[in-house]
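Here is the structure we will look at.
Counting from 1, the numbers follow the sequence of the chain as shown.
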Amino acid sequence: QVQLVESGGGLVQAGGSLRLSCAASGRVSSINAMGWYRQAPGKEREGVSSITVRDGKTYYADSVNGRFTISRDNAKNTVYLQMNRLKPEDTAVYYCAAATDSTPLLHIANMRIRSFDYWGQGTQVTVFS
């Protein structure tokens, strides 16, 4: 089993920045990739960004490409999401997720929700104009 705990959410004015963190514990050696997802009220959960743990390949949704940066610190078993130039439409609960070794790279790149096996509880990000 893998446990994921997110932190760093909050309230920020449009144009501002936040950094989310996701700390993994448990069977971290089984993790192949980590991802960030978000869900706004009344909307489906959507992929934001993902990263392969071993070689650091990164993938982004078009809506955040160029504004958000995903990174990892393998020594700390932690993944980060640096969010810059935030917009009100970025408001959502942000979830961290982990995929295990058997997950195809294509699924990681496409942030296929069903391919990520472990999920955190989420952290609220609210962007006001």
Side-chain angles (χ1 to χ4, degrees):
Q1 290 289 329
V2 173
Q3 294 78 43
L4 303 172
V5 178
E6 303 99 335
S7 61
L11 184 67
V12 64
Q13 192 169 18
S17 299
L18 281 175
R19 189 176 83 154
L20 305 183
S21 300
C22 173
S25 60
R27 291 191 64 230
V28 295
S29 61
S30 67
I31 298 174
N32 182 28
M34 303 281 289
W36 286 98
Y37 293 77
R38 66 187 182 186
Q39 188 166 17
K43 295 188 177 181
E44 293 186 353
R45 191 170 297 189
E46 63 176 359
V48 174
S49 182
S50 59
I51 185 168
T52 57
V53 170
R54 294 183 181 88
D55 56 10
K57 289 187 173 72
T58 58
Y59 306 93
Y60 296 94
D62 289 344
S63 58
V64 306
N65 197 20
R67 299 188 297 123
F68 292 9
T69 302
I70 192 170
S71 61
R72 91 272 193 224
D73 184 335
N74 290 345
K76 295 182 179 179
N77 296 321
T78 299
V79 171
Y80 305 96
L81 186 69
Q82 178 67 43
M83 306 186 294
N84 297 329
R85 304 200 310 274
L86 282 160
K87 304 176 181 179
E89 51 263 43
D90 294 319
T91 294
V93 177
Y94 282 70
Y95 298 90
C96 174
T100 58
D101 280 330
S102 61
T103 306
L105 182 61
L106 183 61
H107 292 188
I108 296 168
N110 292 334
M111 290 168 269
R112 187 173 180 265
I113 289 178
R114 285 182 292 176
S115 294
F116 282 74
D117 306 290
Y118 301 100
W119 292 82
Q121 293 299 308
T123 184
Q124 176 71 46
V125 172
T126 302
V127 185
F128 64 94
S129 56

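Side-chain N or O atoms of T91 include none that pairs as donor or acceptor with a backbone N or O of T126 at under 3.5 Å. Formation of a donor-acceptor pair under 3.5 Å by the Q39 side chain with backbone atoms of E44 is not found in this model. When atom types are taken as modelled, the side chain of Y60 and the backbone of S50 share no donor-acceptor pair closer than 3.5 angstrom. A donor-acceptor pair under 3.5 Å is formed between the side chain of D73 and the backbone N or O of A75. A donor-acceptor pair is defined here as one N or O able to donate and one able to accept, closer than 3.5 Å; no such pair exists between the side chain of N32 and the backbone of S102. At distances below 3.5 Å, not a single donor-acceptor pair connects side-chain atoms of Q121 with backbone N or O atoms of E6. At least one donor-acceptor pair under 3.5 Å links the side chain of T78 to the backbone N or O of K76.
Under the 4.5 Å side-chain criterion, counting only non-hydrogen atoms from C-beta, T52 is in contact with I108. Here the side chains of Y59 and I70 are not in contact, with every heavy-atom distance at 4.5 Å or above. For the pair I51/K57, no side-chain contact is recorded, criterion being any heavy-atom separation below 4.5 Å from C-beta on. A 4.5 Å side-chain heavy-atom check between V2 and S30 finds at least one atom pair inside the cut-off.
Side chains of N84 and S17: a donor-acceptor N/O pair is present below 3.5 angstrom, by distance only. For the residue pair D117/T100, the side-chain donor-acceptor check at 3.5 Å is satisfied.
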Exercise for the section: In sequence, state the C-alpha distance, the side-chain angles, and the governing distance for L86 and F68, and then conclude on side-chain contact (heavy atoms from CB on, under 4.5 Å). Expected result: CA-CA 9 Å; L86 282 160; F68 292 9; 3.8 Å; yes
Handout entry: K87/V127 under side-chain contact (heavy atoms from CB on, under 4.5 Å): CA gap, chis, key distance, verdict
Key = CA-CA 6 Å; K87 304 176 181 179; V127 185; 5.5 Å; no
Practice task
For Q3 and Y118, run side-chain contact (heavy atoms from CB on, under 4.5 Å): C-alpha distance rounded to whole Å, both residues' side-chain angles, the deciding distance at 0.1 Å, then the answer.
Solution key: CA-CA 7 Å; Q3 294 78 43; Y118 301 100; over 6 Å; no
Practice task
Starting from the C-alpha separation in whole Å, work towards a yes-or-no answer on side-chain contact (heavy atoms from CB on, under 4.5 Å) for Y80 and L20.
Solution key: CA-CA 5 Å; Y80 305 96; L20 305 183; over 6 Å; no
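Atoms CZ and CG, on R54 and D101 in that order, are 4.5 Å from each other to the nearest 0.5 Å. The CZ atom of R85 sits 10.5 Å away from the CG atom of D90 when rounded to the nearest 0.5 Å. The CG atom of L4 sits 5.0 Å away from atom CE of M34, with the distance rounded to the nearest 0.5 Å. One finds the CD1 atom of I31 at 8.5 Å from the OG atom of S29 (value rounded to the nearest 0.5 Å). In this structure, SG on C96 lies 9.5 Å from CZ on F116, to the nearest 0.5 angstrom. Rounding to the nearest 0.5 angstrom, the gap separating the OG1 atom in T58 from the CG atom in N65 is 8.5 Å.
There is no path of hydrophobic side-chain contacts, each under 4.5 Å, that joins L18 to L11.
Across every non-hydrogen atom of A14 and S129, the tightest pair is CB-CA, 4.2 Å. Counting all heavy atoms, side chain and backbone alike, V93 lies closest to Q124 at CG2-OE1, 3.2 Å. Considering all non-hydrogen atoms of both residues, S49 and M111 come closest at N-SD, 3.2 Å.
R38 forms no cation-pi arrangement with Y95, by the criterion of a distance under 6.0 Å to the ring centre and an angle within 45° of the ring axis.
Within the 6.0 Å centre-distance limit, the rings of W119 and Y37 are counted as a close aromatic pair.
Atom CD of E89 has more than 12 neighbouring heavy atoms from other residues, nucleotides or ligands inside a 6.0 Å radius. Remark: D55 CG is packed, more than 12 non-hydrogen atoms of other residues, nucleotides or ligands lying under 6.0 Å away.
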